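Because the structure is a prediction, the values reported are computed rather than measured. Note that ligands are numbered from 1 as they come in the structure, with each ligand's atoms numbered from 1 the same way. The analysis underlying the following values was restricted to heavy atoms, covering all of them including side chains, and did not include hydrogens, waters or symmetry mates.
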Amino acid sequence: MSLGSKGRGRRFTVARTVREMVARVIYAGDWPARALDRWGRARVETVRHQIAAGRAARPPLRIGFISDLHVGPLTPTRLLEAAFARLAAEAPDVLVLGGDYVFLEATAAKADLIARLVAGVPAATKVAVLGNHDLWTDHALIEAALERGGARVLVNRTLRLPPPHDDVALVGLDDPWTGEPDPDRAFAEAAGAAVRIAVVHAPEGYPFVRDRGAALMLCGHTHGGQIAAPQGPVVVHGHLGRRWPAGLYHVDGLPLFVSRGIGAVEIPLRLYAPPDVGIFTIA
Ligand SMILES: [Fe+2]
């Protein structure tokens, strides 16, 4: 039994410790994921958006975005494979991963699955940020898996794309709720890039991105409420998550996209919050 976070993540409360202990007992043997693998529907929506970033002189840049895999007892492998197959079929220039790769602890088996899924997408550039569930466990194991899959993990760092997209910088911030976002450092590395695309696990990262000249902010974390009503989410984590639970918003001129992610936490159910992957054309 572990009390407290096994990683560097903050806010691993006593209540969280108890909830995870109970989840380990109730979901022992990963029976929900196994049952869903057998009888569930692997339904994934592809969400497409065009972002105008003044790049008429350049070929359009295509970004595939996936978040909240939550590999663990509640997420069927077949669903994850379906989501990554969609991204592989799109063959985007860039694959962006939005964090929360696991639910409960990181293990070698979970890491192997993450590495295999990420490696299967034929993108020239892959980047990843970390989420709260990653920082609460052995995140070094997750980071190594992402790198094995070909992704560069951006913790308050920036990656400038190669030509013909070298006008674009991908700015990855640490998880805003449990980590230590450092936008000054991350955006300083983007100096000189005409187009900055910010990636941060949760909508709570917005205060660290606004006024930094970003053309787009990508995040996840909300699961679109995971359990929602036909007219919208019921319970969403975080006050900015409640304001922007899922989809594309325009906030003071900044296009802000919130993915519903793929996997599940706490209970093996999604209702009116289907998994999604995003395809963004930056023109
Ligand atoms: Fe999260």
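- For H221, the N/O/S atom at the shortest distance from the Fe ion (ligand 1) is named ND1.
- For H237, every N, O or S atom stays at 2.8 Å or more from the Fe ion (ligand 1).
- Within 6.0 Å of atom CG in D184, more than 12 heavy atoms from other residues, nucleotides or ligands are found, so the atom counts as buried in its surroundings.
- For D100, the N, O or S atom closest to the Fe ion (ligand 1) goes by the atom name OD2.
- Between I197 and F280 there is no side-chain heavy-atom pair separated by less than 4.5 Å.
- Note: Y249 and W244 have tilted aromatic rings, judged against thresholds of 30 and 60 degrees for the angle between ring planes.
- Note: H237 and H221 have perpendicular aromatic rings, judged against thresholds of 30 and 60 degrees for the angle between ring planes.
- Residue D68 does not count as close to the Fe ion (ligand 1), with no N, O or S atom under 2.8 Å.
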